[in-house]
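The structure appears below as structure tokens.
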Amino acid sequence: MPELPEVEVVRRGLESWVAGRGVEGVRVHDTRSVRRHTGGAEDFSATLAGTSIVETVRRGKFLWMPLRGLPVSTALVAHLGMSGQLLVEEADAADEKHLKVVLELEASAGKPGQLRFIDQRIFGGMFLSPMVPTGDGGPGGLGSAQALMPVAAAHIARDVLDPVFDVELFHRCLRARRTNIKRAILDQNLVSGVGNIYADEALWEARMHYARPTDTMRRPDSIRLVEALRSIMARALEAGGTSFDKLYVNVNGASGYFSRSLNAYGRNGQPCRRCLTGGVASLIRRDPFMGRSSYTCPTCQRAPRNARW
DNA sequence: GGTCCGTCCTGTGGGC
DNA sequence: TGCCCACAGGACGGAC
């Protein structure tokens, strides 16, 4: 599925293909994919047509394209959810099975004429959102020096790949919480871009149990966790580039990288690679967590006595 | 205000 | 072979 690194790969790819191009027409094939647009599908299409795309910006898993040509500063926001894809394709390419939205782009030499949004599970979507000052200096991270963000993404915290991510602020916010560490890092208001897979991988790398209460986190613990998140995101970003083919992030292709590199997630019953190298082969266990799963090594990620489940 | 849970949605795989 | 059901996940609204 598209994770933060894949969204960044998509953003980089889109930048060279769609930035500066006009939107000449919009077709919504499934109104559920624009359900977050308050004016409905017709308004989405009518408002977007005639604008032009300035650039592509990302924070966490939110991707947006500021638009030129509207009276109010507005961005086209896209979230890939679990199964969303953004493809740049020729107009005569066959429709994908789960094609949801098509943007007809202004002709540009050597560049395909359509931007397509494809989404199997419809957890993702596109919508228009007015841009506002954020008070924290804008996106700041990858993609833009703008001081404005879409209202719909203004609550999203910086991600760990953001050059100005504040570890000290992250630590203070963690300490103020009354929950466990995994719930905290899945909260996009605290740190963005972390999903279930990266949460488990980072906690494994940091030798931390998911049920550790956030108010017991010491500064070195927070730093260690952020460094683990950064390391995993950076490695995945590098690998995400290899699965990138003509602006297509292949969901199955991305899982190929993960299947080779994951140390905890999805490895229920398999020996922990860290314990194995130490000569003791503890088996990774799966626990139900928030209606999902958590994977941990019972030896190198021991649950604390004061665990908050 | 903070925390937590249910809901949205569809393809896949296991069990019968 | 075909049917049914559990499961996977991010974000958001609502309940507490």
Side-chain angles (χ1 to χ4, degrees), chain A residues 1-8 10 28-38 58-64 77-86 96-101 117-127 129 149-157 159-160 170 172-203 210-217 229 233 236 249-256 258-259 262 264-269 286-295 307-309:
Chain A
M1 85 200 68
E3 295 279 345
L4 183 151
E6 282 73 36
V7 178
E8 173 59 16
V10 169
V28 176
H29 289 241
D30 190 333
T31 57
R32 293 175 298 178
S33 288
V34 295
R35 63 185 180 277
R36 288 194 64 187
H37 182 76
T38 50
R58 179 190 63 77
R59 180 181 281 196
K61 292 175 235 177
F62 277 84
L63 178 74
W64 64 88
V77 182
H79 196 290
L80 302 181
M82 289 181 60
S83 54
Q85 297 172 350
L86 281 166
E96 289 75 10
K97 185 177 178 184
H98 300 290
L99 179 62
K100 303 301 181 186
V101 181
F117 180 72
I118 294 133
D119 193 8
Q120 179 192 98
R121 297 188 185 178
I122 322 179
F123 273 39
M126 299 178 105
F127 54 95
S129 178
M149 283 183 64
V151 170
H155 64 289
I156 300 297
D159 59 70
V160 295
F170 172 72
R172 287 202 307 272
C173 291
L174 265 188
R175 294 275 302 182
R177 299 259 172 143
R178 294 294 177 269
T179 186
N180 64 48
I181 189 63
K182 185 170 174 181
R183 280 186 185 275
I185 61 175
L186 288 174
D187 185 346
Q188 306 297 301
N189 298 285
L190 181 65
V191 55
S192 66
V194 182
N196 202 39
I197 296 172
Y198 289 146
D200 279 0
E201 290 301 301
L203 289 167
Y210 63 85
R212 177 167 175 170
T214 48
D215 50 358
T216 68
M217 291 286 282
L229 282 165
M233 297 281 188
V249 174
N250 189 322
V251 173
N252 296 322
S255 69
F258 290 124
S259 66
L262 293 181
Y265 185 85
R267 299 194 66 243
N268 188 31
R286 172 191 174 276
D287 296 322
F289 182 85
M290 292 175 68
R292 291 165 178 73
S293 299
S294 264
Y295 297 88
R308 189 171 282 140
W309 302 98

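Not measured: the values here are computed from a predicted model. In what follows, every heavy atom counts, from backbone to side chain, and hydrogens, waters and symmetry copies are set aside. Just so we're on the same page: letters track the sequence lines, and every chain starts at 1.
- A:Arg32 comes within 4.0 angstrom of sugar-phosphate atoms only, judged by non-hydrogen atoms across all strands, and of no base.
- For A:Thr38, there are no side-chain contact (heavy atoms from CB on, under 4.5 Å) partners, not counting sequence neighbours.
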Under 3.5 Å, N/O pairs linking protein and nucleotides 12-16 of chain C:
| from | atom 1 | to | atom 2 | distance (Å) |
| --- | --- | --- | --- | --- |
| C:dC12 | OP1 | A:Arg36 | NH1 | 2.9 |
| C:dC12 | OP1 | A:Arg36 | NH2 | 2.8 |
| C:dC12 | OP2 | A:His155 | NE2 | 3.2 |

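- Atoms CG (A:Asp200) and P (C:dA8) sit 12 Å apart, rounded to a whole Å.
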Quick one, A:Phe127 with A:Val34, criterion side-chain contact (heavy atoms from CB on, under 4.5 Å). Give me CA distance, side-chain angles, the key distance, then yes/no. CA-CA 6 Å; A:Phe127 54 95; A:Val34 295; 5.9 Å; no
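- A:Asn268 is linked by a side-chain hydrogen bond (donor to acceptor under 3.5 Å, both in side chains) to nothing, counting only residues two or more places apart in sequence or in another chain.
- Between the side chain of A:Asp200 and the backbone N or O of A:Ala264 there is no donor-acceptor pair closer than 3.5 Å.
- Atom P of nucleotide C:dG10 and atom CG of A:Leu4 are separated by 12 Å, given to the nearest angstrom.
- Judged as a side chain to side chain donor-acceptor pair (under 3.5 Å), the pairs with a partner in residues 183-195 of chain A (not counting sequence neighbours) are, in order, A:Arg177-A:Asp187, A:Asp187-A:Asn189.
- By the side-chain contact (heavy atoms from CB on, under 4.5 Å) test, A:Ala157 pairs with no residue at all, sequence neighbours left out.
- Evaluation of the salt bridge (Lys or Arg N to Asp or Glu O under 4.0 Å) rule for A:Arg286 yields no partner, not counting sequence neighbours.
- Protein chain A touches strand DNA chain B; the 5'-most and 3'-most nucleotides with an atom under 4.0 angstrom of its non-hydrogen atoms are B:dT3 to B:dG11.
- Inter-axis angle, ends of the helix from B:dG2-C:dC16 to B:dC16-C:dG2, five pairs per end, rounded to 10 degrees: 50°.
- One interatomic measurement links the two molecules: CZ of A:Arg121 to P of C:dC7, which rounds to 14 Å at whole-angstrom precision.
- Atom CE in A:Met126 sits roughly 17 Å away from atom C1' in C:dA11 (whole-Å rounding).
- Remark: A:Phe289 pairs with A:Tyr210 by the ring pair (Phe, Tyr, Trp, His ring centres under 6.0 Å) rule, at least two apart or across chains.
- In this structure A:Asp119 satisfies the salt bridge (Lys or Arg N to Asp or Glu O under 4.0 Å) test with no other residue, sequence neighbours excluded.
- Phosphate contact (OP1/OP2 of C:dG10, side-chain N/O of A:His79, threshold under 4.0 Å): absent.
- For DNA chain B, the residues of residues 179-193 of chain A within the heavy-atom distance limit of 4.0 Å (strictly under) are A:Thr179, A:Arg183, sorted by number.
- Of the candidates A:Arg58, A:Arg59, A:Lys61, A:Arg58 is the only one forming a side chain to side chain donor-acceptor pair (under 3.5 Å) with A:Asp159.
- When the side-chain nitrogen and oxygen atoms of A:Arg286 are compared with OP1 and OP2 of C:dA8, one or more of them lie within a distance under 4.0 Å.
- Each of A:Ile185, A:Asn180, A:Thr179 was checked for a side chain to side chain contact (heavy atoms under 4.5 Å, CB included) with A:Thr214, and the lone residue meeting it is A:Thr179.
- Remark: the backbone N or O of A:Ser33 is not paired with any side-chain donor or acceptor of A:Arg36 at under 3.5 angstrom.
- The CD-P distance, from A:Gln120 to C:dG10, rounds to 15 Å in whole Å.
- Applying the side-chain hydrogen bond (donor to acceptor under 3.5 Å, both in side chains) criterion to A:His37, with sequence neighbours excluded, gives A:Asp43.
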